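Everything numeric in this text was worked out from a predicted model, so none of it was measured. Heavy-atom basis, side chains included; hydrogens, waters and symmetry copies ignored.
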Amino acid sequence: MRRARDLLLLLPLAACYLFIGRQNPDLSAHLPIFFGFVLAFVLLPALGLGGMLVRQPLSLVERLALGGPAALAALFALGYLGAMLRQPLVIWAQPALGLAACLASRWRQSRAAAISGPGGAAHPLPATSWGDLLLILGVLAAGLALCLPKIQSASLPIPGLPTNYYTDDIITSAFVFAVMRAMEHGLPFIIPMVEGTSLSYHLLYHYCYAASAFVTAIHPMDLVIFFWPPLLWLFLASGLVVGCRRLAGFTLLETFLASVLLFFVSGVNFYSSPSVQLFGYQHTFFLGLPALILFCTALYGYLSGRNPKLFAVHAALCYLVCASTKAPLLLLLPASLLPVLVLRLVKRQARAAELVLAGLTLALVAVLKLTIYPDTGIVATNAPKLSKLLLGTFGNLGEMAVVLGPFVVLAILAIEANPVLRLKIKRSGQYLLFSATFVIISAFLLKLFNFVGGDFYFYWQARVLVLLACAPVVAHTFTWRMPKFALAFALVLVLGVGVTLQRMFLPAQTNLSGVPREAQAKYLDAAEREGLRWASKNLEHRRSFFTNKTMYLGSYSGGYIPMPLFDYIGFSGLQGYAFPMRWLPEATRRTADARIKELDSFHAATTAAAKAEIMAQTPVDYYLHCIRLAPKDFVAPDCLRKVYANESLIIYENSCSPNR
């Protein structure tokens, strides 16, 4: 019964999924199917691999948290292997892997119990302490509760009531469709915006979602918005607490403060803040965040001496998940760890486990570069002047100072003022070296290379590294041996909470266009979505399309900004013929620009014959016609064959070319 308390974590999850089902009755039938997938493809492998990779007496929740990244890495690897072999069925090996890992973990546990004597088998699976469990429950319940407004706003619309979707949710669904095409028809991975062009982008995230879509036959958009977020919050909440307790060796107070710091601290002039990344939607790096936390807590515990064991294979798999989710970490994490390894070699402190981790990391860098990231070479150097490069680097560091500066300054002052705290923090000096190196290198490299949007993710990742180091300092001051600093830290925490809540409930309108002048261009009404879902079920996903609805006003942080259209791509599953983004490679943008000129001539043509002539020369398969945004005198040529129509959307097949 003591171990059954771990099942309490199912309560907030059940409440969240019940809310989703009540808000979206059409999705209720899919919930048991998704639960079956999660149990067989995610939880079972996580429990088995967690017990295998971290050789400690672990509770059910601890195994789940520690094995979660490994389970996702395995699911991604099988999905990628299926794409290489054009055999998506290989992902069905995931439950077998999970079962084998559980049996192997159980066998090793029984063997260890037999060696230790008759009393060794009394509690083969220990219970999670009440303190840890309540802390996980608190983080999980708070995160899910703050996600509910987003879930409600994106729920199935009442007939006649239009709704809009956050752009990154839509584009994630489009990328999941693209991965499913790769799994079925083979590599390379073709981006969904510009037909025929390839680019590696957040692949682990998209492959895991694609595997779930393949097994469950649930629409990727529903998986992105409704089904996966509660599960990801379970991994984040448990990974944060278990990583701090088991790997970093934190006390319960230190773990609580780490949770508060990572949960609430937002950034100024930093749009990827928790109010958007965690509660507004689950961004692509959200799936890799628990792995990064486990990686950092393992390093903190080992380098500070709080945890004498470093589980190299587990840490390497966490690195795999991080780097496969966000490409800059492929370089930034190894480069930041290099000074620490050199220092430990010079001091003759290096042990076998860390050398194994270094070797595995380099091997993963080579494998990932040769497989999923062969096109990262297209990220060209900006080659700015040295003065501009240094100013950009200091600008990045300045942004970090705004986000984390108060905590860092207070920590330094508290350490200098207290000999006991100074001695405690001195033991974690090598982890601090790793954190400082990461911040400096990434601030520099993200200005040297053309990482569009990369600065923002640097803040997100660096915040994890730095705030973990701040948590023990804050905990020490909160014992009231340093009342002045305790009050200062408490004030900063309260301000951090206030800033986050203000951003969530009273979002700023900075750089946003405010209330849209043409709201109809923003909306995706129920009939449009019905037609797009018909396309996803009935049309070949490798076919391309264009539409007269090329731009819309996307909702972001309480305002609206013009964005390229992705809702049709994300819902239909078809490939976009020409929907460029500024972060795409220059060659891809040139291809898209040339195609856009072709399509502009189609929209500008005034006769059906002229439109037919243009379509005869344009290798696009479908035209999706949004009725409410079309000119009243629009006439489709006869060779655009109508295959679907409702009151909001008409889907035409392009048969204008004689070769079609």
Side-chain angles (χ1 to χ4, degrees), residues 41-42 45-46 49 53 66-84 88 90-91 94 97 168 171-172 175-176 178-180 182-183 187-189 191 198-213 224 228 231-232 235-236 239 282-296 298 312-337 357 360-379 438 442 451 453-454 457-458 460-461 464:
F41 285 78
V42 181
L49 292 171
L53 296 172
L66 296 171
L72 296 176
L75 187 59
F76 160 64
L78 290 172
Y80 189 81
L81 180 62
M84 290 180 63
V90 299
I91 63 176
Q94 179 83 348
L97 172 66
D168 285 55
I171 196 172
T172 296
F175 270 94
V176 172
V179 170
M180 293 174 68
M183 291 169 62
L187 297 171
F189 170 83
I191 60 174
S198 62
L199 178 69
S200 299
Y201 192 66
H202 301 317
L203 284 187
L204 184 137
Y205 179 85
H206 297 135
Y207 268 91
C208 288
Y209 274 46
S212 64
V224 169
W228 270 87
L231 177 65
L232 295 184
F235 280 126
L236 178 59
Q282 276 59 57
H283 188 271
T284 42
F285 190 64
F286 192 94
L287 186 142
L289 185 57
L292 180 63
I293 290 174
L294 291 175
F295 186 81
C296 294
V313 177
H314 179 261
L317 286 173
C318 288
Y319 168 72
L320 170 64
V321 171
C322 293
S324 301
T325 308
K326 256 323 191 185
L329 291 179
L330 184 72
L331 171 65
L332 295 180
L333 283 177
S336 302
L337 281 170
L357 176 58
L360 290 173
T361 302
L362 292 177
L364 286 173
V365 169
V367 170
L368 292 176
K369 175 59 182 170
L370 293 173
T371 55
I372 72 169
Y373 290 132
D375 50 18
T376 49
I378 62 177
V379 179
F438 182 92
S442 54
F451 289 121
Y457 300 112
F458 147 61
W460 177 265
Q461 297 152 6
V464 175

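- With sequence neighbours excluded, the residues forming a side chain to side chain contact (heavy atoms under 4.5 Å, CB included) with L53 are L49, A70, V313, H314, L317, listed by chain and number.
- The shortest non-hydrogen separation linking V321 to A73 is CG2-CB, 3.8 Å.
- Of the inter-residue distances, the one linking L292 atom CG with T325 atom OG1 reads 10.0 Å to the nearest 0.5 angstrom.
- Y205 is listed as a side-chain neighbour of T172, based on a closest heavy-atom distance under 4.5 Å.
- A heavy-atom distance below 4.5 Å is not found between the side chains of F175 and L203.
- One finds the NZ atom of K326 at 12.5 Å from the CG atom of L289 (value rounded to the nearest 0.5 Å).
- Listed here is the closest heavy atom pair of C322 and A291: SG-C, 3.7 Å.
- Here the closest heavy-atom approach between residue F189 and residue A178 is recorded as CE1-CB, 3.6 Å.
- By the 4.5 Å heavy-atom criterion applied to side chains, M183 and I91 are counted as neighbours.
- Side-chain contact between I293 and F235 is absent, with no heavy atoms from C-beta onward closer than 4.5 Å.
- Minimum interatomic distance between G239 and L294 (heavy atoms only, all atoms of both residues): O-CD2, 3.5 Å.
- Partners of L368 by side chain to side chain contact (heavy atoms under 4.5 Å, CB included), not counting sequence neighbours, listed by chain and number: L320, A323, S324, L330, I372, Y373.
- With rounding to the nearest 0.5 angstrom, the CG atom of L332 is 11.0 Å from the CG atom of L337.
- Taking both residues in full, the closest heavy atoms of A312 and L360 are given as O-CD1, 4.1 Å, listed atom of the first, atom of the second, then distance.
- Scanning both residues, V365 and P334, for their nearest heavy atoms gives CG2-CG, 4.1 Å.
- For L187, the side chain to side chain contact (heavy atoms under 4.5 Å, CB included) partners at least two apart in sequence or on another chain are Y80, A83, M84, A182, Y207.
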